[in-house]
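Only one structure is covered here, and it is reproduced in the block below.
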Amino acid sequence: MRENWFKFWNHPRTKAVRHWSNITYDVSWNIILFLIIGVLLVGSFSVGAAGGYFASLVKDTKAPKLAEMKQQVNSYAVTSEIYWGSGEKLTNIATDEERQPVNIKEISPYLLDAVLSTEDVDFYEHDGVVPKATLRAVLQELTNSSSRTGGSTLTQQLIKNQILTNEVSFERKAKEIILALRLENAMTKDEILQAYLNVVSFGRNSLGRNIAGIEAASRGVFNKPAKKLTLPQAAFLAGIPKNPYYYTPYLQGGVVKKDLTPSTNRMKTVLKRMYVAKNITKAQYEKAVKYDITKDFAKTSKRSRDTYPYVYDLAEKEALKIMTSYFMKQDGIKEDEVKPSELAEVKANYRDQAMIAMKQGGYKIHLTLDKKIHEAMQTPAKNAANFPSAPQYKQVVNPKTKKTVTKKDPEETAAVMVQNETGRILGFVGGRYTDGTADDFNRAFQAKRQIGSTAKPILVYSNGIENGLITPASTINDEEYYYQTVPRQPGDNPINNEGGRYRGNVTVREALELSLNVPAVKTYEKMNMSNSIQKLVDMGIEIPDNIRYAPSAALGTMEITPVELAGAYATLANYGQYVKPYVISKITKDGKNIYKAKSKKKRIYQDRTAYLTLDMMRGVFDKGTAQYANSLLKVPGDWAGKTGTTNEIKDSYLVGSTPGVTLAVWTGHDQNNSLMGATTYYQRTQNLWAQMANLTYNANSSYFKSGARFNQPASVSADDFKNTGRFKEEDQKKKAEEAKKKAEAEKKKQAEQDKKKADEAKAKADADAKQKADDSKAKADADAKRKADEAKAKADADAKRKADEAKAKADADAKRKADEAKAKADADAKRKADEAKAKADADAKRKADEAKAKADAKKKADENRKNAE
């Protein structure tokens, strides 16, 4: 056939056919040539136009420096982290999006293959752009195709996320192409892939927080680092960036979605592409596809903020202060050079800057807290059995509504453990977690309370020794005594001791061991009180002026936080050198310190003073007011300390030190109610203290230096243990005069007491008479009330009986009427049925008769006809 056709075409049989054949050939060839030339011209024009359009889109795009581009794509918000002093990570600073950068070498090869197989299979071959894919995407956009395959490489996606925007336009796409080609010259392929994996969004984690970057995703979804991801896990995560909040397995709040079909189907798609790209074998593919990935999901997590609320809040607060100062220093801003009227605004601006940096700057905040010690301290505080008293209540004014409300006021506690030599805070208790939860008030750092007798070692006896006024062996008369340095007012009471009795002549050592008030006040009033208070001020403790000159300060009327109190006692244990307690040891960024705490020591007391005071404080545990704590204490070592109680038993303290650490414990009520149990409150405090000491020692004994003792410095001599101070009681003449005055006072007091007894007897007789009258009236009132109650009860019973009878009658009438109505209805129905049946029977009989008559007539007619025939 083909041969015949060519034969016909090349050798036509007639001249006319040959003529038209030649014409057809020439015309056809010219048309083909014209079309080819037209296509070439149009193509050239289109390419030129497209090139011109592309050039117009990017004409204003400045080519950034390569180093600048590299910095931009690697610039992203990085979550700051908080670490325990013992090295373990505590948590992240709360932020809108969590991210943990990771080196590509620390990422599972499965994950790298999964991402490339899914997002950019030719990543290591192209130069940042795939023209064919880009052209296909442009044509789909121009034709408004329902099928969109996407034309962006990983390099382009990185450019879009980090340098450009998500705007959908040809101009943005053109800039993306130019910058992607340039980025390929600025970074290696591995650097680009690493940057992409640290930038891309992965939806939410098991806390319900937004996450970006593969490391945060791996830890947030599977609770493991990215380098340990299995094949199914890697495929699951690699599929999420396509639509992060659609494919993420978690809802807000960290709850796993009920329907995970889209997510698991997406994982299977990734596995299929890995298999097609020959990154995994058929056996690996089939096994991974069947794997139940849902069992690997991290369970809904509890934020560390919820587990360690006091630690998190304190770390954020202290870090914010440090970071604010850091940024001010970076800009050369000094507080003392700023106008007072502008300082608050300046600090507020830098504080805002510091807060943003903390949330997004990738800082690492290292605490001083030892995790084991801190957790050990929480156990007694969370144990409700340590607080057996029922909660009290207090009338308080609501600051918002200005209305007086009744507020629950349970017994609370706070504690701080400080390393003496360095000032490092090893652990603390912010509150007792009433009802299993913590509040926003960190009592260890925020509760300013009167400190009672814990003031005696740090304010009274230490300064008395330092001033040469007393030694531990000095004798002081514990007797009825009034403040001497303030005007005495009518009705003033003498200074009382715990238990309400005086012990006569006692040594300073005994006075401290038994926490006697009179010897402390006598000693304090013999000194320059303002200079003594200054020692506390030098330790950073704020003391109001009215306390600075008040003799009552000897009994602890100043208000101090537990952490300040612990720091003051640590000063004695540190042989008189003060180191400010601190909770943040350093803050780093990219491995470099931007802040590091320095333990600056300040001499407050002479080493002789500190040692002699400590030596007296040893007896507090051995034979003084802390014997109960000592009976529960299982921590070996050289313990020295002091108890304290404030007026009306509103606060109770025990502070104790070893050569290594100081532990301060407070109990009381936030609303200043008195502690319940006049003879047991101190036992609860000392029990808490002993439990915390025992548990923290078991958790980490290295800080306690339990094998060491407070060593006597060379500045201490034998005379320091004799009554060699300047404090001397009054001479005999003065004592005789006072004895005479006292006898007269006693006589007057006796007369007053006799008169008081007579008055009391008369008052008692009057009260008895009134009581009898009140009893008679009360009995009459009770009888009247009883009779009234009985009458009312009878009336109520009669009314109820009548109501019940009326209801019963009404129910019976209603039932009778209902029965009659039913009977009538049944009779009517039966009558109608009988009538209908009778009518039906009559009709049937009539019809039968008619039919029979008709049949008989027909039969007779037939017979007649037959006879006629």
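All values below were derived from every heavy atom in this structure, side-chain atoms included, with hydrogens, water molecules and symmetry-related copies excluded.
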So, does Gln686 use its side chain to make a donor-acceptor pair with the main chain of Thr625 at under 3.5 Å?
yes
Distance check, rounded to the nearest 0.5 Å: Leu688 atom CG versus Thr379 atom OG1?
11.5 Å
Hits for side-chain hydrogen bond (donor to acceptor under 3.5 Å, both in side chains) against Ser674, two or more places apart or cross-chain, chain-then-number order -> none
Side chain proximity check, Leu632 to Tyr628, heavy atoms < 4.5 angstrom:
yes
Above 12 or not: heavy atoms from other molecules or residues under 6.0 Å from CD of Glu421?
no
Does Ile82 reach the side chain of Tyr312, with side-chain heavy atoms less than 4.5 Å apart?
yes
Would you call the rings of Trp84 and Tyr308 parallel, tilted or perpendicular, where under 30° means parallel and over 60° means perpendicular?
perpendicular
Look at Asp538 together with Lys602 and state whether they make a salt bridge at an N to O cut-off of under 4.0 Å.
no
Thr422 meets the side-chain hydrogen bond (donor to acceptor under 3.5 Å, both in side chains) criterion, sequence neighbours left out, with Gln419
Distance-only, no hydrogens or angles: does the Asp622 side chain make a donor-acceptor pair with backbone N or O of Glu513 under 3.5 Å?
no
Does one side chain, of Tyr310 or Asp439, offer a donor that lies under 3.5 Å from an acceptor on the other?
yes
With sequence neighbours left out, write down each residue that passes side-chain hydrogen bond (donor to acceptor under 3.5 Å, both in side chains) with Gln392, or none if nothing qualifies.
His669
Please check if any side-chain donor atom of Glu525 sits under 3.5 Å from a side-chain acceptor atom of Tyr481, or the reverse.
yes
Ignoring hydrogens and geometry beyond distance, is a side-chain donor-acceptor pair present between Asn497 and Asp478 at under 3.5 Å?
yes
Do the side chains of Phe387 and Arg684 get nearer than 4.5 Å, heavy atoms only?
no
Run the salt bridge (Lys or Arg N to Asp or Glu O under 4.0 Å) test on Asp615 and Arg509 for me, step by step, so that the C-alpha distance in whole Å, both residues' side-chain angles and the decisive distance to 0.1 Å come before the verdict.
CA-CA 9 Å; Asp615 186 52; Arg509 183 184 297 276; 2.9 Å; yes
Verify whether one side chain among Arg548 and Ser530 offers a donor that lies under 3.5 Å from an acceptor in the other.
yes
Distance-only polar pair, side chains of Ser462 and Thr613, donor-acceptor under 3.5 Å
no
Would you find a donor on one side and an acceptor on the other, under 3.5 Å apart, between the side chain of Ser86 and the backbone of Lys371?
yes
Flag for Glu564-Thr561: side-chain donor and acceptor within less than 3.5 Å:
yes
Between Arg432 and Glu411, is the closest basic N to carboxylate O distance under 4.0 Å?
no
Taking the side chain as every heavy atom from C-beta outward, state whether Asn420 and Tyr569 have any atom pair closer than 4.5 Å.
no
Are more than 12 heavy atoms, taken from residues, nucleotides or ligands other than Lys596, located less than 6.0 Å from that residue's NZ atom?
no
Less than 4.0 angstrom from a charged side-chain N to a carboxylate O is my criterion; do Lys522 and Glu479 meet it?
yes
Report the relative orientation of the aromatic rings in Phe704 and Trp639; use parallel for angles under 30°, tilted for 30 to 60°, perpendicular for over 60°.
perpendicular
One pair to check against salt bridge (Lys or Arg N to Asp or Glu O under 4.0 Å): Asp370 and Arg424. What are the steps and the verdict?
CA-CA 10 Å; Asp370 183 286; Arg424 291 168 57 92; over 6 Å; no
Checking the side chain of Asn698 only, and the main-chain atoms of Leu695 only, is there a donor and an acceptor separated by less than 3.5 Å?
no
Below 4.5 Å, heavy atoms only, C-beta onward: do Leu572 and Lys642 meet side chain to side chain?
no
In this structure, are over 12 heavy atoms from other groups packed under 6.0 Å from Lys347 atom NZ?
no
Sidechain-backbone polar pair: Thr523 side chain, Val460 backbone, donor-acceptor under 3.5 Å
no
State, to 0.1 Å, how close Ala511 and Val506 come at their nearest heavy-atom pair, and which atoms those are.
CB-CG2, 4.3 Å
Listed once per pair and sorted, the salt bridge (charged side-chain N to carboxylate O under 4.0 Å, His left out) pairs that draw on residues 457-468, sequence neighbours left out
Glu466-Lys535
With Ser701, which residues qualify under side-chain hydrogen bond (donor to acceptor under 3.5 Å, both in side chains), at least two apart?
none
Between Arg443 and Asp670, the two heavy atoms sitting closest are NH2-OD2, 2.8 Å
Does the Thr680 side chain pair with the main chain of Gln683, one donor and one acceptor, at a distance under 3.5 Å?
no
Do any side-chain atoms of residues 450-457 form donor-acceptor pairs under 3.5 angstrom with protein atoms, and if so which ones, sequence neighbours left out?
unit_1, atom_1, unit_2, atom_2, d
Ser453, OG, Lys456, NZ, 3.1
Ser453, OG, Ser515, OG, 3.1
Thr454, OG1, Ile451, O, 2.5
Lys456, NZ, Ser515, O, 3.0
Lys456, NZ, Ser515, OG, 3.2
Lys456, NZ, Leu516, O, 3.3
Lys456, NZ, Asn517, OD1, 2.8

Would you find a donor on one side and an acceptor on the other, under 3.5 Å apart, between the side chain of Ser532 and the backbone of Asn528?
yes
Pair Thr475, Asn505: side-chain N/O donor-acceptor within cut-off below 3.5 Å
no
Going by atom types only, do Asn593 and Thr588 share a side-chain donor-acceptor pair under 3.5 Å?
no
Close aromatic pair by centroid cut-off 6.0 Å: Phe428 and Phe445
yes
